[in-house]
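The first residue of the sequence shown is numbered 1, and numbering continues consecutively from there.
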Amino acid sequence: MSSPTHPEVKELNPVDFIQLQHYIEYCRLKVKDVLREFDADGRLARHRHGECIDEEGFRLFLKTYLEVEDFPVDLCQRLFLSFQNSEPGKEDAKEVFLKDVSCYFSLLEDGQPRDKLEFAFKLYDRDGNGVLDSSEVDRIIAQMMHAAEYLGWDVSELRPVLKDMMTAIDADSSGTVSLDEWVEGGMNNVPLLVLLGLKMTQQDGQHLWRMKHFNKPVYCNVCQSMLLGLRKQGLCCTCCKYTVHGRCANRNPAPCTRTYVKSKKETGVPAHDWVSGNCDSRKCEKCQKKIKSLQGLTGKHCVWCHSMRHDECADQEPTECSCGALRDHILPPWAIYPVIKERPNIVKNGCSGAVDDSELNTTPDGQVLQISPVENTHPLLVFVNPKSGGKQGERVLHKFQYLLNPRQVNNLITDGPGPGLSFFKTLQNYRILVCGGGRHRGLDPRRYRQSQPGGAPPRRCASSGDRKRPRSLSAVGGEVRD
């Protein structure tokens with residue numbers, strides 16, 4: 001592979017980012033697996049010179065990690081140049097730091113944030129003493145900023161957040177950071193967790209954050225000032241649309257909407273769950289007048305029926321929530337309640353019917369969630385493969401998490417079909433929707449029910465390939481149509 005001869009193409013462009021994302025999306029290996037090949041006894045050891053690798057070693061790193069034979073030469077050159085550490089007097093340097101490359105790609109691959117934080121720390125902990133100095137931490141943050149730019153973030157918002165985090169971590173001003181301090185500081189920094197790929201938890205009130213670009217004026221629900229920037233300017237909750245600056249996400253924002261009630265006594269009591277702001281130019285469902293912008297948080301919208309009202313109209317009758325046009329498909333929080341955990345072990349036809357703990361929807365204190373269905377409704381149980389359809393699967397997953405109760409929506413990659421089928425097993429009438437370009441292995445409700453006593457089969461089983469679809473439910477261009 002020839003050395004790059006075009007210094008003018010030193011920066012990656014948006015097309016390069018999209019192309020690289022396509023490769024990483026289907027990557028099976030982990031960075032730590034590829035790093036072993038650069039050890040003294042590894043097959044790529046000859047391309048490593050101390051802490052650096054040459055351009056051919058970088059090309060082989062990509063070939064091994066991404067498992068592709070025909071990775072574009074020009075893209076490889078631009079990536080290599082983006083990592084190049086051109087110090088004064090060393091403009092012709094043709095090596096890059098292996099740690100920088102490894103840290104960058106590890107931030108982009110799938111995995112838990114805590115594991116990524118630990119991996120990045122140990123990568124730069126050269127002597128293994130469990131302590132990094134400020135310059136080494138700065139290099140980790142530089143790669144985080146690099147990864148954030150790749151993901152389309154407005155890094156002007158992220159940079160001060162990471163600086164504040166480092167100030168808080170080094171509380172004793174010693175100039176060094178231990179592994180425990182680094183992990184604890186990172187796990188308490190919401191924007192950083194989003195960057196590292198925060199996974200949704202079962203804890204009620206936990207926002208499902210994602211960075212978002214807004215093409216119209218939007219105001220922060222915490223500080224009430226406008227979100228500014230040219231790229232992804234802030235964090236938005238997929239479920240309730242609560243919106244904040246990156247820096248404000250660490251300031252104890254209001255919790256996300258409830259997904260279940262606290263006791264069986266509260267079931268069957270429908271009530272609006274209002275979220276303030278960002279209803280500019282919409283019509284108030286109560287007085288039918290336009291909700292005008294006041295250069296700040298304007299109006300309120302209900303998470304379940306998606307109706308919008310003026311602040312003063314939100315407290316007026318009717319206070320009961322109808323769940324709107326999607327009433328037939330939504331499983332509202334007042335239809336889900338916790339019970340003390342039981343361990344069923346029913347023997348039928350000589351087979352055990354025990355349900356594995358991993359297939360139970362539970363509360364943080366270990367209680368099992370059960371469904372008390374709303375009459376004359378047919379709740380939708382959704383399974384989505386987010387990696388299907390050229391990244392469209394992830395958008396479909398987010399859309400259903402907003403339109404329905406998040407507990408109705410299951411990620412086939414991380415959870416599989418078990419938890420969802422177990423959760424719905426006692427319902428008499430419900431529908432299943434599978435989105436993901438084909439049948440997921442093990443997703444057969446009839447076969448599953450042979451080992452699950454009780455419950456009735458779903459009224460209808462649909463898939464993304466069916467010609468028919470559930471009535472009233474269509475997400476087209478971000479709008480819901482009846």
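A donor-acceptor pair is defined here as one N or O able to donate and one able to accept, closer than 3.5 Å; such a pair exists between the side chain of N405 and the backbone of T259. With hydrogens and angles disregarded, a donor-acceptor distance shorter than 3.5 Å links the side chain of H301 to the backbone of C240. Put simply, the side chain of N221 gets close to the backbone of T243: a donor and an acceptor are under 3.5 Å apart. In this structure a side-chain-to-backbone donor-acceptor pair under 3.5 Å is present from S102 to L98. For Q408 (side chain) and L331 (main-chain N/O), a donor-acceptor pair under 3.5 Å exists by modelled atom type. The backbone N or O of L412 sits nowhere less than 3.5 Å from a side-chain atom of N410 that would complete a donor-acceptor pair. In this structure a side-chain-to-backbone donor-acceptor pair under 3.5 Å is missing from R407 to L369. The backbone N or O of K264 sits less than 3.5 Å from a side-chain atom of T267, completing a donor-acceptor pair.
What you find for L227 and H245 is that their closest heavy atoms are CA-NE2, 3.7 Å. Among all heavy-atom pairs drawn from F424 and P379, the shortest one is CE2-CB, 3.9 Å. Summarising the geometry of A271 relative to W304, their closest heavy-atom pair is O-CD1, 4.4 Å, with the distance given to 0.1 Å. Closest approach of A314 and W274 over heavy atoms only: O-NE1, 3.6 Å. When all heavy atoms are compared, the tightest approach of L297 to S276 is CD2-O, 4.2 Å. The heavy-atom pair separating H207 from Y242 by the smallest distance is CE1-CB, 3.6 Å.
For the pair K399 and L403, the minimum side-chain heavy-atom distance is below 4.5 Å. Counting heavy atoms from C-beta on, the side chains of K292 and T298 never come closer than 4.5 Å. In this structure the side chain of W209 reaches within 4.5 angstrom of the side chain of V244, judged on heavy atoms. H378 has its side chain out of reach of Y430: every pair of non-hydrogen atoms, C-beta onward, lies at least 4.5 Å apart. Proximity of L208 to C256: side-chain heavy atoms (C-beta onward) are nowhere separated by under 4.5 Å. At a threshold of 4.5 Å between non-hydrogen side-chain atoms, the residues K241 and Y402 count as touching.
For the side chain to side chain contact (heavy atoms under 4.5 Å, CB included) with P332, the lone residue among C323, C305, P270 that qualifies is C323.
Few gaps surround CD on Q316; more than 12 heavy atoms of other groups in view lie less than 6.0 Å from it.
The aromatic rings of F61 and Y65 lie tilted to each other, with the angle between the two planes from 30° to 60°.
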Query - H310 vs K289, side chain to side chain contact (heavy atoms under 4.5 Å, CB included): CA-CA, chis, key distance, verdict - result: CA-CA 9 Å; H310 293 101; K289 294 181 180 179; 4.0 Å; yes

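For the atom pair CZ of F121 and SG of C103, the computed distance is 12.5 Å after rounding to the nearest 0.5 Å.
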